[in-house]
Amino acid sequence: MKKLVLFPLVALLSCTLSAQIETPQPSTSAKIWQTVGLTDVTVDYSRPSMRGRTIFGDLVPFDKLWRTGANAYTKISFDKDVTIADNDVKAGTYSIFTKPGKENWEVFFYTDTQGGGTPRDWDDAKVVAKITVPVYKMEMPVETFTITIDDVASNGANLGFIWENTYVGVPFGVHTDAEVVKSIEKVMSGPSAGDYYASAVYYASEGKDINKAKEWMDKAMSMTETPRFWQLRQQSLILAKSGDKKGAIATAKKSLAAAEEAGNADYIKMNKDSLKEWGAL
């Protein structure tokens with residue numbers, strides 16, 4: 001009976017101790033991040049090593065789909081839209097698959113990002129971009145598979161794949177110029193209605209120059225095609241603080257009507273309370 005009891009206890013203890021031992025993965029995980037122009041690019045992948053093996057044409061067969069790394073799918077993320085081989089690629093995360101060849105590689109950016117190895121059922125409709133790039137031979141062998149972001153410029157960069165004596169680079173473009181021009185045009189055209197509105201409300205709520213607050217609010221309202229009831233409410237309060245009681249009453253009535261149409265009980269009450277205070281109800 002003692003042997004029957006002790007054996008499972010010993011086995012359990014052995015399993016518990018084994019589970020506490022950490023060992024490195026054969027293909028360790030890696031993450032790179034790079035800003036290209038105004039676009040953030042991130043790559044998550046695993047890095048297998050040569051370990052005396054012949055890689056391309058053997059471990060990684062030529063002209064067959066490769067997961068481009070190890071373990072889970074290799075993934076690339078763009079926080080803004082980019083272009084790859086004249087394809088417009090939306091901001092988001094994509095997996096990378098390749099078909100290495102002796103002279104060229106085919107590189108695929110794929111919408112499925114969950115899984116390991118290569119997709120069991122490949123779907124061309126999920127390929128957002130495909131490009132064929134030349135192979136460059138290197139004199140110095142690289143032991144561990146490496147992905148890089150090279151030749152970084154304001155309008156693009158190269159996504160590099162390096163292993164054994166091989167380098168391939170995938171050029172991609174970013175829309176830095178369009179973003180900068182848009183930003184310049186926005187700033188040079190002056191503050192927006194929202195900028196004027198926020199500044200006016202802040203000045204009024206903090207007891208600063210009420211005439212300046214009124215000026216900014218008037219500007220905001222003139223730039224707003226259909227002011228909402230909460231905007232009209234703030235305008236009426238600023239008008240009242242500036243001494244324009246008649247204007248405050250007229251604006252509060254507009255806010256009240258808009259609030260009633262929207263069914264907002266809080267603003268209906270606030271406007272009625274103010275109108276009573278100003279002798280209009």
Side-chain angles (χ1 to χ4, degrees), residues 29-48 55-56 60-138 142 145-164 166-183:
S29 60
K31 185 172 186 177
I32 61 171
W33 170 81
Q34 175 69 53
T35 298
V36 181
L38 298 173
T39 301
D40 287 341
V41 184
T42 307
V43 180
D44 289 280
Y45 71 113
S46 292
R47 305 183 65 193
I55 302 303
F56 296 111
V60 178
F62 286 134
D63 304 318
K64 290 189 176 181
L65 196 66
W66 180 41
R67 57 185 167 180
T68 321
N71 304 326
Y73 291 170
T74 290
K75 293 180 283 293
I76 188 166
S77 300
F78 306 103
D79 77 331
K80 296 182 178 70
D81 297 351
V82 301
T83 56
I84 302 172
D86 296 326
N87 295 289
D88 294 323
V89 177
K90 296 295 184 183
T93 300
Y94 304 92
S95 53
I96 301 172
F97 298 100
T98 54
K99 280 186 181 179
K102 290 182 180 181
E103 303 296 331
N104 299 288
W105 281 27
E106 290 181 89
V107 183
F108 306 85
F109 295 82
Y110 202 68
T111 56
D112 278 355
T113 58
Q114 301 300 316
T118 55
R120 178 178 297 179
D121 298 310
W122 183 262
D123 186 351
D124 284 333
K126 295 180 179 179
V127 177
V128 296
K130 173 186 173 182
I131 185 171
T132 300
V133 291
V135 170
Y136 294 95
K137 295 297 182 181
M138 302 186 303
V142 174
F145 176 62
T146 303
I147 297 179
T148 60
I149 299 176
D150 309 315
D151 305 322
V152 178
S154 63
N155 64 344
N158 284 326
L159 181 67
F161 303 99
I162 306 171
W163 204 11
E164 201 176 36
T166 294
Y167 171 86
V168 297
V170 176
F172 65 92
V174 295
H175 303 293
T176 304
D177 184 65
E179 293 177 55
V180 172
V181 169
K182 184 178 179 180
S183 177

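Because only heavy atoms are used, hydrogens play no part in the values below, and waters and symmetry mates are left out as well, while side chains stay in.
- Nearest heavy-atom pair across L159 and I147 is CD1-CG2, 3.8 Å.
- A distance of 10.5 Å separates CG of D177 from CG of L38, quoted to the nearest 0.5 Å.
- Taking 4.5 Å as the limit, every side-chain heavy atom of I96 sits out of range of all side-chain heavy atoms of Y45.
- The side-chain heavy atoms of E179 and V174, taken from C-beta on, include no pair separated by under 4.5 Å.
- Summarising the geometry of T166 relative to M138, their closest heavy-atom pair is O-CE, 3.7 Å, with the distance given to 0.1 Å.
- Rounding to the nearest 0.5 Å gives a distance of 13.0 Å between OG1 of T132 and CD of E103.
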Is there a side chain to side chain contact (heavy atoms under 4.5 Å, CB included) between D81 and D88 once you walk through the steps? CA-CA 7 Å; D81 297 351; D88 294 323; over 6 Å; no

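- The two residues I149 and Q34 come nearest to each other via the heavy atoms CD1-CB, 3.6 Å.
- Here the CD1-CD1 distance, from I84 to I76, works out to 6.5 Å after rounding to the nearest 0.5 Å.
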Step-by-step side chain to side chain contact (heavy atoms under 4.5 Å, CB included) determination, F172 to V41: CA-CA 11 Å; F172 65 92; V41 184; 4.1 Å; yes

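- The environment of CZ in F62 is crowded: more than 12 heavy-atom neighbours from other residues, nucleotides or ligands sit within 6.0 Å.
- A donor-acceptor contact shorter than 3.5 Å links the side chain of E164 to the backbone of F56.
- Checked by atom type and distance alone, the side chain of R47 pairs as donor or acceptor with a backbone atom of F145 at under 3.5 Å.
- Here N158 contributes atom CG and T148 contributes atom OG1; the two are 8.5 Å apart, rounded to the nearest 0.5 Å.
- With no hydrogens or angles considered, a side-chain donor-acceptor pair links T35 and D40 at under 3.5 Å.
- To the nearest 0.5 Å, atom CG of residue D112 and atom CG of residue D123 are 8.0 Å apart.
- A donor-acceptor contact closer than 3.5 angstrom is absent between the side chains of S154 and T176.
- Two rings, from F108 and W122, have their centers less than 6.0 Å apart.
- The shortest non-hydrogen separation linking A70 to P48 is CB-CD, 4.0 Å.
- Looking at heavy atoms from C-beta onward, H175 lies in side-chain contact with T83 at the 4.5 angstrom threshold.
- Here the shortest heavy-atom pairing between V133 and P171 reads CG1-CD, 4.2 Å.
- If you run ring pair (Phe, Tyr, Trp, His ring centres under 6.0 Å) between Y110 and each of Y94, Y73, F97, only F97 comes through.
- Annotation: side chain of V135 is not in contact with side chain of K102 (no heavy-atom distance under 4.5 Å).
- Closest non-hydrogen pair, W163 versus V142, comes out as CD1-O, 3.4 Å.
- Here the straight-line distance linking atom CG of L65 with atom CG of D63 works out to 11.5 Å at 0.5 Å rounding.
- At distances below 3.5 Å, at least one donor-acceptor pair connects side-chain atoms of T74 with backbone N or O atoms of T68.
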